[in-house]
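Remarks on the structure that follows.
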Amino acid sequence: FQAEDGIRDAQESRGLGDVYKRQLLFFAPLARQIPLACLAGILAVVCWQMSEVEHFLRLLRAPRSDVMVLLSTFTLTIIVDLTVAVQVGVVMAALLFIKRMSEVSNIGVVTREFYDAGDEPDPNAVSLREVPSGVEVYEINGPFFFGAAESFVETMRFVERPPLVRILRMRNVPAIDATGLHLIHQLHKDCQRDGTLLILSDVHAQPLTAFMMSPLWEEIGEDNFTGNLDDALDRARRYLKLPPDVTPRRFPPTVSREKI
């Protein structure tokens, strides 16, 4: 029955196509008789309806960077060409996205956490853990794209004395690119030079896959990739030949694989 309906629909489509073709062939010569002034008026009305002036004016209240992209593409569409305007707009939007990601991404040494009145403390906070002497915990916040590279390098420069173990927490890093992998590689080389063990903690799925596909997985070592901070601290204690922390802790998982 469905096959019959499909054949019937195909036949009806061909029939309607033939009707429209005959109408076009019949009325096409009559279109020459329409004054160009009338066609210009119709075209102006259509353009006005497509312009969505109210929406355009509302976009002018957006952040200044977005307004610059809007006005640039709008001006290029009128002066040059729509194709050029789209290409320039895509490039400008990409650069703007990179700039915003670099602004929201940061890295710093985790010493203590501050909370507003009424906020519940973070159960995964470093302040609730006993960090052994000689261990430093760093945390990256935001996607680790090449826009955040400068912030990462500057933070590493302020480290006066290299620790015995450096834990790099990545619970707020949903994605990493090739530049981020290169910076981790440089950091690992510096740690090897200083005799510091590098441990990556709370690594999400996308960064973990990127690490596994790169030489860093073997260079850093599978044991130095952990799913939570407690495992990273336990790895640091084993490296420093310290007794393990037997205090039981219940923490909400920060990465998907820890929820299994």
- Do Tyr138 and Ile167 have side-chain heavy atoms sitting under 4.5 Å apart? no

- Item | Sub-4.5 Å side-chain heavy-atom contact between Gln87 and Val91 |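 A side-chain contact is absent here, since even the closest heavy-atom pair is not under 4.5 Å.
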
- Counting N and O atoms only, with roles assigned by atom type, does the side chain of Ser72 sit under 3.5 Å from a partner on the main chain of Val69, one being a donor and the other an acceptor? no

Please round to the nearest 0.5 Å and tell me the distance separating atom [atom1] of [X] and atom [atom2] of [Y].
X: Leu200; Y: Leu216; atom1: CG; atom2: CG; value: 8.5 Å
X: Cys191; Y: Ile184; atom1: SG; atom2: CD1; value: 9.5 Å
X: Leu36; Y: Ile34; atom1: CG; atom2: CD1; value: 10.0 Å
X: Met170; Y: Phe225; atom1: CE; atom2: CZ; value: 8.5 Å
X: Asp234; Y: Thr226; atom1: CG; atom2: OG1; value: 9.5 Å
X: Leu181; Y: Met213; atom1: CG; atom2: CE; value: 10.0 Å

- Task: May I ask you to check whether over 12 heavy atoms, not counting those of Leu25, lie within 6.0 Å of atom CG?
- Result: yes

- Task: Please say whether more than 12 non-hydrogen atoms of neighbouring residues, nucleotides or ligands are located less than 6.0 Å from CD in Glu218.
- Result: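 No, CD of Glu218 has 12 or fewer neighbouring heavy atoms, counting only those of other groups under 6.0 Å.
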
- Do Asp194 and Thr196 meet the criterion of a side-chain donor-acceptor pair at a distance under 3.5 Å?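 Not at all, the side chains of Asp194 and Thr196 share no donor-acceptor pair under 3.5 Å.
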
Looking only at heavy atoms, which two atoms of [X] and [Y] are closest? And how far apart?
X: Ile176; Y: Gln206; answer: N-OE1, 2.8 Å
X: Asn224; Y: Arg235; answer: OD1-NE, 2.9 Å
X: Gly89; Y: Thr73; answer: CA-CG2, 3.4 Å
X: Leu164; Y: Tyr239; answer: O-CE2, 3.9 Å
X: Ser201; Y: Ala232; answer: CB-CB, 3.9 Å
X: Asp202; Y: Leu229; answer: OD1-N, 3.5 Å

Cluster link [X] to [Y], ILVMFWY, side chain under 4.5 Å:
X: Val90; Y: Leu95; answer: no
X: Leu168; Y: Met212; answer: yes
X: Val19; Y: Phe27; answer: no
X: Val137; Y: Leu240; answer: yes

- State whether Asp230 and Arg129 are salt-bridged, where the test is any N-O pair (Lys NZ or Arg NE/NH1/NH2 against Asp/Glu carboxylate O) under 4.0 Å.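 Yes, charged N to carboxylate O under 4.0 Å.
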
- Message: Quick test of your reading of the model: are Arg171 and Glu139 salt-bridged, counting only N-O distances below 4.0 Å?
- Response: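 Salt bridge flag = yes for Glu139 with Arg171.
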
- Applying side-chain contact (heavy atoms from CB on, under 4.5 Å) between Arg166 and each of Ile199, Leu187, Leu197, report the one that passes.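 By the side-chain contact (heavy atoms from CB on, under 4.5 Å) criterion, Arg166 pairs with just one of Ile199, Leu187, Leu197: Leu187.
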
- Message: With side chain to side chain contact (heavy atoms under 4.5 Å, CB included) as the criterion, how do Leu198 and Asp190 come out once you've worked through the C-alpha distance, each side chain's angles and the decisive distance to 0.1 Å?
- Response: CA-CA 10 Å; Leu198 177 63; Asp190 294 340; over 6 Å; no

- Show the numbers, then the answer: is there a side chain to side chain contact (heavy atoms under 4.5 Å, CB included) between Met92 and Val88? CA-CA 6 Å; Met92 293 180 65; Val88 174; 3.8 Å; yes

- Task: Tell me, with the steps shown, if Asp81 and Leu76 meet side chain to side chain contact (heavy atoms under 4.5 Å, CB included).
- Result: CA-CA 6 Å; Asp81 185 64; Leu76 288 174; over 6 Å; no

- Given the rule in the side chain to side chain contact (heavy atoms under 4.5 Å, CB included) test, do Phe74 and Ile79 qualify, once you have shown the distances and angles that lead to the verdict? CA-CA 9 Å; Phe74 179 76; Ile79 298 177; over 6 Å; no

- Item | Contacts of Phe26 that satisfy side chain to side chain contact (heavy atoms under 4.5 Å, CB included) - sequence neighbours left out | none

